There are 2 protein chains.
Amino acid sequence: MRGRSGRRPGKPDTRGAILAAAREIFAERGYDGSSIRHIAASAGVDPALVHHYFGNKEDLSMEVVKAPIEPAAVMEEIFAEGIEAAPENVVRAFLGVCEGPVSGPAFLGLLRGAVAHQWQALLLREFFTTQIARRVVRRLGTAVDPAELPLRASLVSSQLFGLALARYVLRIQPLADAPREVVVAAVAPNIRRHMIGALDAGDREAV
Amino acid sequence: MRGRSGRRPGKPDTRGAILAAAREIFAERGYDGSSIRHIAASAGVDPALVHHYFGNKEDLSMEVVKAPIEPAAVMEEIFAEGIEAAPENVVRAFLGVCEGPVSGPAFLGLLRGAVAHQWQALLLREFFTTQIARRVVRRLGTAVDPAELPLRASLVSSQLFGLALARYVLRIQPLADAPREVVVAAVAPNIRRHMIGALDAGDREAV
DNA sequence: GTCTATACGTGGATAGAC
DNA sequence: GTCTATCCACGTATAGAC
């Protein structure tokens, strides 16, 4: 996919190897815990090459993150079965991203970085508000009061981020090893509440 | 040891000053982002004194975290009004811890650290399972199937951690600046579901 | 394109003087 | 108890040879 015409065999994509290694290292050790030396070693190349292909560490991490998420396509998937099934599909899609071979490490790396550095937190925040929240809001249309949409979006984010944190980063059991559909069944109703349900405890009595 | 007879000049309690400075620096810059030099400067003391009072950086961070949380007392507060009001009180108590002048930085520092280092993740996990989850489980008693209690506990943790992450670390708006009671009203029903409600979507009628 | 060598900074930790 | 001086291990980044 990378330029059919330019490069030819023989040079099996050092750049790609570095990128792949970076993705994994960043995801599992965080930004600060990952050194360029480690990444280079893991990719089997010289550290100087990392600087050669990507300018510096920050740029490299941006590249890693930027790669793999297609909000538009994911949205289609989520709302394909209508608004009533959306919450389940949100959770399903989110788990899919987190467990994807490339999107997973990328997102988890970003999440880890966001906790450590403000500029990465800003990146994550920006991504969610402009790419996710905004699109969801548009889909929800007039189903709920537009004035409360931002709060709803931030609540959904918090639940989803919490899920990723507990399941993949902190690895709290048994949530960490629970089957996907168990997780979907458990948290989708909460997502539904935050998306289209009552924002206060008005619907409570049915324990 | 800050006893009577010794010095008097403007030097009260160096140890305490270091601890207070460490609490803040750790909370706002994370473990790796915080240097002993920086903490010492912020406390207005010499870096060597930090090593003198607390052995090394890791020990210092443990001390910071160990300080301020009284699980037993918090539990009383949560279940004082009975099991039905517990979910609201859980959220209220959690927000209280996060916003406390000393417990707040301590907990947020721990959360940040847990994302960066496995040993801190283990610490946080251990704290929650032995101090929080176990006690909650005991209180819940026979209200729910004991076999599903661990899953329930981990689900509650994930929601709470997600809340802390979004509101205090990532500062996603408008959740970050929403009044406490708005947050309580919004997330308590979800906590209720995970504590004593249906674990699947059984309470929902239309897909 | 790839690697060697190195400059430069930062940060944890210790020894020992006052 | 407090501070000065210093050591040492990394880690980023660059310059330049092959």
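Every value quoted in this text rests on a predicted model; they were computed, and no experiment measured them. So that the names make sense, note that chain A is the first sequence line, chain B the second, and so on, each numbered from 1. Heavy atoms only: backbone and side chains are in, while hydrogens, waters and symmetry mates are out.
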Strictly under 3.5 Å: I want the nitrogen or oxygen pairs between protein and nucleotides 10-13 of chain D, one per line.
from   : atom 1 : to    : atom 2 : distance (Å)
D:dG11 : N7     : A:R37 : NH2    : 2.6
D:dT12 : OP1    : A:I36 : N      : 3.4
D:dT12 : OP1    : A:K57 : NZ     : 3.0
D:dT12 : OP2    : A:I36 : N      : 2.9
D:dA13 : OP2    : A:H51 : NE2    : 3.3
D:dA13 : OP2    : A:K57 : N      : 3.1

Distance-only polar pair, side chains of B:H117 and B:D32, donor-acceptor under 3.5 Å: yes

Looking at A:R112 and A:E28, is any side-chain nitrogen of the basic one under 4.0 Å from a carboxylate oxygen of the acidic one? no

Under a 4.0 Å N-O cut-off, is there an ion pair linking A:E76 with A:R135? no

Atom pairs under 3.5 Å, N or O on each side, protein against nucleotides 15-18 of chain C: can you list them with distances?
none

Show your working on side-chain contact (heavy atoms from CB on, under 4.5 Å) between A:M75 and A:R139 and close with a plain yes or no. CA-CA 9 Å; A:M75 280 305 137; A:R139 299 284 189 152; 4.0 Å; yes

Look at the side-chain N and O atoms of B:Y53 and state whether any lies under 4.0 Å from the OP1 or OP2 oxygen of D:dT2. yes

Do the side-chain N or O atoms of A:T14 get closer than 4.0 angstrom to the phosphate oxygens (OP1, OP2) of C:dT2? yes

Heavy-atom side-chain contact between A:R29 and A:S35 under 4.5 Å: no

Please examine the side chains of B:P105 and B:F26, heavy atoms only from C-beta on, and report whether any two atoms are closer than 4.5 Å. no

Find the distance [X]:[atom1] to [N]:[atom2] and express it as a whole number of Å.
X: B:L60; N: C:dG12; atom1: CG; atom2: P; value: 10 Å
X: A:L49; N: C:dT2; atom1: CG; atom2: C1'; value: 5 Å
X: B:I18; N: D:dG1; atom1: CD1; atom2: P; value: 12 Å

Which pairs count as ring pair (Phe, Tyr, Trp, His ring centres under 6.0 Å) when at least one residue sits in residues 80-112 of chain A, sequence neighbours excluded? A:F94-A:F107

In residues 172-181 of chain B, what donor-acceptor pairs under 3.5 Å come from side-chain atoms, sequence neighbours left out?
from   : atom 1 : to     : atom 2 : distance (Å)
B:Q173 : OE1    : B:D177 : N      : 3.3
B:Q173 : NE2    : B:D177 : OD2    : 2.7
B:D177 : OD1    : B:R171 : NH2    : 2.9
B:R180 : NH1    : B:E99  : OE1    : 2.8
B:E181 : OE1    : B:R92  : NH2    : 3.2
B:E181 : OE2    : B:R92  : NE     : 3.1

At how many degrees, to 10°, do the end axes of the helix from C:dG1-D:dC18 to C:dC18-D:dG1 meet when each uses five pairs? 0°

On a heavy-atom basis, the closest approach of A:I25 and A:S42 is CD1-CB, 4.0 Å

Test salt bridge (Lys or Arg N to Asp or Glu O under 4.0 Å) applied to A:E63 and A:R15, A:R23, A:K57, the passing residue: A:R15

My understanding is that only residues two or more places apart in sequence, or in another chain, count here; which of them pass side-chain contact (heavy atoms from CB on, under 4.5 Å) with A:A40? A:V45, A:P47, A:V50

